[in-house]
Chemist: 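The structure is given below, and queries will be raised subsequently.
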Amino acid sequence: MFPETRLRRLRGHLQVRRLVRGTSLSPDNFILPVFFKENTTKPENIPNMPGVFRQPLKNVDKIAQECEDNKIPCVLIFGIPRKKDAKGSVAFAKNGVVQKAIRKLNECSSLAVFADACLCQYTTNGHCGITNSKGVNNDASLKLLEKIALSQANAGADFIAPSAMMDGQVKAIRNCLDKNGFENTGIMSYSAKFASAFYSPFRSAVQASPKKQRRKPFLRDRTTHQLDFYSTKQAMQEIESDLCEGADIAMIKPALPYLDVIAKAKEKFSAPLAAYQVSGEYALLKSGILHSRHALLESTIAIKRAGADIIISYAAVELLKQLKDTQ
Ligand code: PBG
């Protein structure tokens, strides 16, 4: 009790503050998401995401070098194809933009390559799977997700990151990988992916939003498959079933509005836990309203403090540079 205890003694000196923090961030915690666009030769700006670009494939080595300079161990790659169709066929094309990026990254770096496996960037209607009159058809979509995962593994992906929120997607992909000799290719599942407004800058980044369909309200958004943001219990069920189906890493997404979910999952499960600081979080933090350097660090630390082992962040390079400057 005061005056014997003066908690401010622990805060008087920067080096002592560092000693007693109990939370730290290091390059080992980060995965950098990268967008590769098929028909572009120059990096393109993304609205509301300053410092993030749609990258041409010829920049693969530059990006790999930037990761290596900042000791970032992993990238998560997204593709923006030249052509879309009803089935999203280019998502599993041998020479699709993601498959090419994976091969190039493996040639020029020692990064671990994670590949997002979903259909929404590749389908003309912007949905995460095959649709019929009732909505997104779960089991028909699984077949395509298997094909995507297999083509990414064939190209050399170390981890597949299925993000479609189809039931059974982890099991289907795990079985397909195993059957084809890819038993060592991992799965980081977007397990607790909420139907969130925080994805909107991403959707303009990859030019894929669910197309509005007048007489099919269930196809208007992703609420029939992504998690209802009122529910923590369902998030726990999703993580549990993904781990049972063979996921190696479980992910929660978005991160900052779901810190309670991260903390609960950390307590409940021992598998590595990733949190995705999504495009909307990044856009708000970089909007210029706040001092972005501090706001970014503060909210990323919060994600780590809540229990995430891995943080997927567009700001990874900036954060790591900042950490180097302040220590
Ligand atoms: C694709 C996908 C999305 C994100 C990652 N993978 C968008 C969505 O589900 O609509 C969002 C990432 C971000 O906002 O940074 N299924």
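We count ligands from 1, going down the list as the structure has it; atoms in each ligand are counted the same way. What you see below is based on every heavy atom in this structure, not just the backbone, and it leaves out hydrogens, waters and symmetry mates.
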Chemist: Evaluate Ser163 for polar contact with ligand 1, using N/O atom pairs at a separation under 3.5 Å.
Modeler: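 So ligand 1 has an N or O lying under 3.5 Å from an N or O of Ser163.
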Chemist: Pull out every atom of ligand 1 sitting under 4.0 Å from any heavy atom of Cys120, numbered as shown with elements.
Modeler: 1 (C), 16 (N)
Chemist: Charged N to carboxylate O below 4.0 Å: is that the case for Lys304 and Asp309?
Modeler: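 Answer for the salt bridge query: no.
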Chemist: Heavy-atom count check: over 12 atoms from other residues, nucleotides or ligands less than 6.0 Å from Lys87 NZ?
Modeler: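 Atom NZ in Lys87 is not crowded, with 12 or fewer foreign heavy atoms closer than 6.0 Å.
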Chemist: Go through ligand 1 atom by atom and flag the ones less than 4.0 Å from a non-hydrogen atom of Arg222.
Modeler: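 Selected atoms, number and element: 8 (C), 9 (O), 10 (O).
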Chemist: Hey, are Lys171 and Glu245 close enough for a salt bridge, meaning a charged N less than 4.0 Å from a carboxylate O?
Modeler: no
Chemist: Only one of Leu76, Thr185, Asp248, Ile31 forms a side chain to side chain contact (heavy atoms under 4.5 Å, CB included) with Phe159, so which one is it?
Modeler: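 Of the listed options, the one satisfying the test is Asp248.
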Chemist: Can you name the atoms of ligand 1, numbered from 1 with element, that are less than 4.0 Å from a heavy atom of Tyr276?
Modeler: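 The list of qualifying atoms is 12 (C), 15 (O).
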Chemist: Filter on ring pair (Phe, Tyr, Trp, His ring centres under 6.0 Å), then keep only pairs touching residues 167-191, sequence neighbours left out; what's left?
Modeler: none
Chemist: What protein heavy atom is closest to atom 12 (C) of ligand 1, reported as residue, atom name and distance in Å?
Modeler: Phe202 CD1, 3.3 Å
Chemist: Atom CZ of residue position Arg8 - does it have more than 12 heavy atoms of other residues, nucleotides or ligands inside 6.0 Å?
Modeler: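 No, because the 6.0 Å sphere around CZ of Arg8 holds 12 heavy atoms or fewer from other groups.
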Chemist: Within the 4.0 Å heavy-atom shell around Lys253, which atoms of ligand 1 are there?
Modeler: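 Heavy-atom distances to Lys253 below 4.0 Å select 2 (C), 3 (C), 4 (C), 5 (C), 6 (N), 11 (C), 12 (C).
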Chemist: Which atoms of ligand 1 sit under 4.0 Å from any heavy atom of Tyr314?
Modeler: 12 (C), 13 (C), 15 (O)
Chemist: Is it true that Glu318 and Lys286 make a salt bridge, defined as a side-chain N closer than 4.0 Å to a carboxylate O?
Modeler: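 Answer for the salt bridge query: yes.
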Chemist: Among protein heavy atoms, which sits nearest to atom 14 (O) of ligand 1, and what does the distance come to when rounded to 0.1 Å?
Modeler: Ser279 OG, 2.7 Å
Chemist: Is the contact between Tyr282 and ligand 1 made by the side chain, the backbone, both, or neither, using heavy atoms and a 4.0 Å cut-off?
Modeler: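 The answer is neither; Tyr282 stays 4.0 Å or more away.
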Chemist: Among the heavy atoms of Lys193, does any lie under 4.0 Å from an atom of ligand 1?
Modeler: yes
Chemist: For Gln226, counting its heavy atoms only, list the atoms of ligand 1 lying under 4.0 Å from any of them.
Modeler: 8 (C), 9 (O)
Chemist: Among Leu297, Asn70, Thr300, which residue satisfies the side chain to side chain contact (heavy atoms under 4.5 Å, CB included) criterion with Leu323?
Modeler: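 Of the listed residues Leu297, Asn70, Thr300, the side chain to side chain contact (heavy atoms under 4.5 Å, CB included) partner of Leu323 is Leu297.
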Chemist: Which of the atoms of ligand 1 are close to Cys118, meaning less than 4.0 Å from one of its heavy atoms?
Modeler: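 Within the 4.0 Å cut-off of Cys118, ligand 1 contributes 16 (N).
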Chemist: Against heavy atoms of Asp116, which atoms of ligand 1 measure under 4.0 Å?
Modeler: 6 (N)
Chemist: Which residues satisfy the ring-ring contact (aromatic ring centres under 6.0 Å, His included) test with Phe194, sequence neighbours excluded?
Modeler: Tyr258
